[in-house]
Number of protein chains: 2
Amino acid sequence: MSDTMSRFPVTPPTLADVAERAGVSRQTVSNAVNNPDLLREDTLLRVQRAIAELGYLPNRAARNLRTRASHLIGLPIKAAEEGTANAAMDRFVHSLVDSSREAGYHVLLFSGTRTGKAEDELPAYDDLLRSTAVDAFVVTDTYLGNPQAAWLNDRRAPFVAFGRPWNDPEARHPWVDVDGAAGGDMATSHLVERGHHRIAWIGWRKDSLLGEDRRAGWSRAMRSRDIPTAGLASRVEDTVASGREASAVLLDEARPTAFVCASDTLAMGVLHTLADRGLRAGHDIAVTGFDDSQVAQTVPPGLTSVRLPLEQVAIEVVRALEGLLGAPPSVAPGVLLTPTLVVRGSS
Amino acid sequence: MSDTMSRFPVTPPTLADVAERAGVSRQTVSNAVNNPDLLREDTLLRVQRAIAELGYLPNRAARNLRTRASHLIGLPIKAAEEGTANAAMDRFVHSLVDSSREAGYHVLLFSGTRTGKAEDELPAYDDLLRSTAVDAFVVTDTYLGNPQAAWLNDRRAPFVAFGRPWNDPEARHPWVDVDGAAGGDMATSHLVERGHHRIAWIGWRKDSLLGEDRRAGWSRAMRSRDIPTAGLASRVEDTVASGREASAVLLDEARPTAFVCASDTLAMGVLHTLADRGLRAGHDIAVTGFDDSQVAQTVPPGLTSVRLPLEQVAIEVVRALEGLLGAPPSVAPGVLLTPTLVVRGSS
DNA sequence: CGCATGCTCTGGATCGTTCCAAGACAGGGT
DNA sequence: ACCCTGTCTTGGAACGATCCAGAGCATGCG
């Protein structure tokens with residue numbers, strides 16, 4: 001078991017070890033690693049051979065100390081809410097880890113407290129920043145009133161947001177977001193093409209600007225076809241129970257033939273109501289969700305859902321991060337991506 | 001906005017700054033932080049005041065360099081498989097982050113390659129280890145033939161496994177696992193109490209020792225009550241489609257009144273078959289899953305599922321990690337926790 | 001009074017890397 | 001021959017913390 005990845009009995013080799021072996025100075029080895037074009041070709045080859053032979057890899061702590069950078073990106077994680085369908089962050093995190101690595105960064109997870117209140121996370125950000133544990137942050141919830149973005153801005157801490165700065169037109173930080181209105185429009189238009197006219201909307205409460213964005217897609221799609229929307233919209237909490245109740249009321253009062261929901265969680269609530277009444281999703285009543293969660297993918301008969309391009313979001317986030325930390329100051333403050341619709345049995 | 005968390009215009013204060021302000025040497029400040037009982041009480045107070053006034057926090061890179069430790073724990077993340085119900089790792093990760101923090105560690109995410117093959121991850125482990133980027137690893141898949149555990153053992157790299165070392169009785173590394181047999185037993189016994197006798201098992205292929213463990217609980221529960229199991233078991237891939245086919249075949253050939261599944265994913269497959277045939281879960285046929293995923297929590301009419309104590313697993317993992325990295329060598333090589341059964345409408 | 005003892009505190013060295021300024025060397029123009 | 005320019009390489013200093021050995025200073029004992 002002694003391949004290229006050799007074992008180190010005591011301590012890993014250092015820059016000095018490589019330098020001695022290659023017959024050059026420490027700095028030359030450092031240059032070979034970080035600025036190869038500064039070396040003459042034969043010197044470079046000699047050093048690279050020594051590096052390979054010894055299995056040298058720079059010590060992170062030393063490098064971090066000298067360069068005043070940790071090459072780590074802090075990612076706060078929220079408590080995953082039980083009973084909701086929204087574990088989609090998985091895809092985002094995975095892609096973020098991958099694209100970060102290609103940019104020379106690793107992802108550090110942290111959480112504030114167990115309370116889940118946004119304010120309680122600030123000390124955690126502060127500690128990481130002050131102890132130079134991370135170079136930048138990725139924040140994922142920029143809902144109205146979320147203090148993190150403002151706080152980080154005030155601190156001049158580098159960060160990229162997944163989500164538009166809804167509340168602050170003055171914000172100058174880079175952000176990446178998904179066009180929720182486009183998603184709502186796609187789902188609604190799809191249902192119209194399937195022959196539906198009485199299409200109901202179940203979304204979040206009005207103070208959720210993300211929810212209002214998605215809802216705008218629904219009303220835009222309806223209005224552009226001159227389909228009336230009166231009495232067909234409902235705004236509730238993002239829980240299965242709320243979706244269940246809202247859909248029951250709507251069925252009784254407005255007789256829709258299809259539901260467009262602001263989340264898979266709400267859509268699952270609709271499926272509950274349909275099951276209660278012996279109706280079949282996709283047969284008697286059409287339903288679409290949002291987020292393309294694993295629930296949407298596995299529930300019978302399959303839930304049509306708007307899929308967010310989370311992989312692409314992560315790539316853009318890292319791109320923005322590089323612009324923030326590297327030399328070239330990025331010009332684009334924000335990037336807006338378009339989701340896709342995954343059609344399944346429920347519509 | 002100038003509270004305790006002051007802003008640093010240029011660079012954060014260092015040990016030397018605190019020392020000067022408190023009128024002591026650097027080393028004394030260091031001791032005040034790391035070994036407070038070495039200082040006289042009044043000196044300690046004086047230093048602590050200076051620390052608070054300056055908002056001092058030790059520079060991680062410098063500390064890491066000197067102590068030859070990163071205070072980071074590496075956690076490999078797998079590509080979340082689309083179309084399966086198993087996003088339960090969320091709970092584990094969150095709890096791991098929390099308990100790590102209490103132990104003075106942070107969690108660093110990494111992934112090998114996009115290929116998803118286990119072997120391809122080894123270089124990633126190797127890099128992190130050689131560059132002293134992490135102090136230890138937490139590995140989560142210890143299925144038969146998984147090379148990581150053996151490789152890490154061979155490297156003498158500190159790590160804790162979530163999952164028993166099925167394949168290697170010689171393994172001496174600490175591990176934490178959940179008693180799958182107990183879970184299978186609980187689900188089966190629950191169904192027996194509900195009056196079922198013809199209870200079928202849908203599990204994974206025989207080379208999955210985790211699956212065999214869970215299956216053992218089913219057969220134990222059946223056997224202890226002298227209920228025959230012949231023809232009632234099926235072993236397939238862990239996909240919705242497989243669960244769907246397997247349950248269809250079992251229904252035709254063995255006429256079970258209940259299904260115990262090795263995963264929520266398979267259980268969803270059963271729900272598909274029931275929907276296909278106009279049967280109602282929990283009414284005509286009972287179904288139980290495994291993992292208590294968000295799918296189980298939200299699908300109508302609610303999927304009864306075995307819930308793994310992932311929060312507790314993470315706590316035990318960190319405890320083992322502390323034993324591994326700190327002074328006291330832990331005595332217990334392994335910890336086995338018991339799951340619980342969450343009963344919902346499907347049974 | 002001398003000296004050992006224990007408690008506090010200090011200054012220098014060190015971890016492994018990169019920054020900085022300058023040295024060595026070869027080639028080209030006058 | 002001379003100097004100058006540019007390429008390539010070098011040694012010393014620095015990043016900010018902890019380790020180590022020892023200094024200062026009471027106290028206690030013979």
Side-chain angles (χ1 to χ4, degrees), chain A residues 8 10-48 50-51 54-72 104 127 129-133 135 327, chain B residues 8 10-48 50-51 54-72 104 127 129-133 135 327:
Chain A
F8 308 111
V10 203
T11 52
T14 72
L15 209 60
D17 298 328
V18 178
E20 192 185 13
R21 181 167 195 122
V24 295
S25 71
R26 297 191 318 273
Q27 183 58 41
T28 301
V29 180
S30 177
N31 284 336
V33 174
N34 301 309
N35 302 82
D37 23 322
L38 285 182
L39 301 202
R40 218 187 325 154
E41 196 176 354
D42 59 326
T43 316
L44 180 58
L45 280 167
R46 197 151 36 98
V47 174
Q48 285 175 335
I51 288 177
L54 291 173
Y56 167 78
L57 230 61
N59 179 303
R60 298 250 182 194
R63 166 177 287 186
N64 293 348
L65 174 59
R66 185 66 243 225
T67 60
R68 298 168 165 284
S70 66
H71 300 281
L72 291 180
D127 285 0
L129 220 45
R130 295 225 313 270
S131 62
T132 59
D135 292 347
Chain B
F8 308 111
V10 202
T11 53
T14 72
L15 208 61
D17 298 328
V18 178
E20 191 185 15
R21 181 171 195 116
V24 295
S25 71
R26 298 191 317 275
Q27 183 58 44
T28 301
V29 180
S30 177
N31 284 336
V33 174
N34 301 307
N35 302 82
D37 24 323
L38 285 182
L39 301 201
R40 217 188 331 158
E41 196 175 354
D42 60 327
T43 315
L44 180 59
L45 280 168
R46 195 151 38 97
V47 175
Q48 284 175 336
I51 288 177
L54 291 173
Y56 168 77
L57 229 60
N59 179 304
R60 298 250 181 192
R63 168 178 286 185
N64 293 348
L65 174 59
R66 186 67 246 228
T67 60
R68 298 167 167 283
S70 65
H71 301 281
L72 291 180
D127 284 1
L129 220 44
R130 296 224 313 270
S131 61
T132 58
D135 292 347

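Letters A, B, ... mirror the listed sequences (proteins, then strands); counts begin at 1.
- At C:dT17, none of the side-chain N or O atoms of A:Arg26 fall inside 4.0 Å of OP1 or OP2 (strictly under the cut-off).
- In this entry the distance linking CG of B:Leu15 with C1' of C:dT10 reads 13 Å, nearest Å.
- A close approach under 4.0 Å does not occur between any side-chain nitrogen or oxygen of A:Thr28 and OP1 or OP2 of D:dT9.
- Counting any heavy atom pair closer than 4.0 Å across all strands shown, A:Asn34 reaches sugar-phosphate atoms only and no base atom.
- Taking 4.0 angstrom as the limit, A:Ser25 places none of its side-chain polar atoms (N or O) nearer than this to OP1 or OP2 of D:dT9.
- In terms of phosphate contacts, A:Arg68 brings a side-chain nitrogen or oxygen within less than 4.0 Å of OP1 or OP2 of D:dG16.
- Rounding to whole angstrom units, CZ of residue A:Arg46 and C1' of D:dT10 are separated by 14 Å.
- Here B:Thr14 lies in heavy-atom contact (under 4.0 Å) with sugar-phosphate atoms only.
- The distance from atom NE2 of A:His71 to atom C1' of C:dT18 is 11 Å, rounded to the nearest whole Å.
- Nucleotides of DNA chain C nearest to B:Glu41 and B:Gln27 differ in position, and the one nearer the 5' end is that of B:Glu41.
- Going from atom CG of B:Asp42 over to atom P of C:dT8 covers 10 Å, rounded to whole Å.
- B:Leu54 places its CG atom 14 Å from the P atom of D:dG16, with the value rounded to the nearest Å.
- Applying the 3.5 Å distance criterion, the base of C:dT17 shares no donor-acceptor pair with the side chain of A:Arg66.
- Proximity note for A:Thr43 (side chain, C-beta onward) versus D:dC8, C:dC9, D:dA17: the nearest is D:dC8.
- In terms of phosphate contacts, A:Arg63 brings a side-chain nitrogen or oxygen within less than 4.0 Å of OP1 or OP2 of C:dT18.
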Next item on the list: Decide side-chain contact (heavy atoms from CB on, under 4.5 Å) for A:Leu72 and B:Arg60; before the verdict, give the C-alpha distance in whole Å, the side-chain angles of both, and the deciding distance to 0.1 Å.
Entry: CA-CA 12 Å; A:Leu72 291 180; B:Arg60 298 250 181 192; over 6 Å; no
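- One atom, CZ of B:Arg130, and another, P of C:dT17, lie 12 Å apart when rounded to the nearest Å.
- When atom types are taken as modelled, the side chain of A:Arg130 and the backbone of B:Gly55 share a donor-acceptor pair closer than 3.5 angstrom.
- Remark: the backbone N or O of A:Ala62 is paired with a side-chain donor or acceptor of A:Asn59 at under 3.5 angstrom.
- Nucleic acid contact for A:Thr67: sugar-phosphate only, since backbone atoms but no base atoms lie under 4.0 Å from a heavy atom of the residue.
- Note: CG (A:Asn59) to P (C:dT18) measures 10 Å, nearest angstrom.
- Atom P of nucleotide D:dC20 and atom CG of B:Leu38 are separated by 14 Å, given to the nearest angstrom.
- The shortest distance between side-chain heavy atoms of A:Ile51 and A:Val33 falls below 4.5 Å.
- Of the two residues contacting DNA chain C, namely B:Leu44 and B:Leu65, the nearest-nucleotide position lying further toward the 5' end is that of B:Leu44.
- Of the possible polar contacts, one joining the A:Ser70 side chain to the A:Asp135 backbone as a donor-acceptor pair under 3.5 Å is found.
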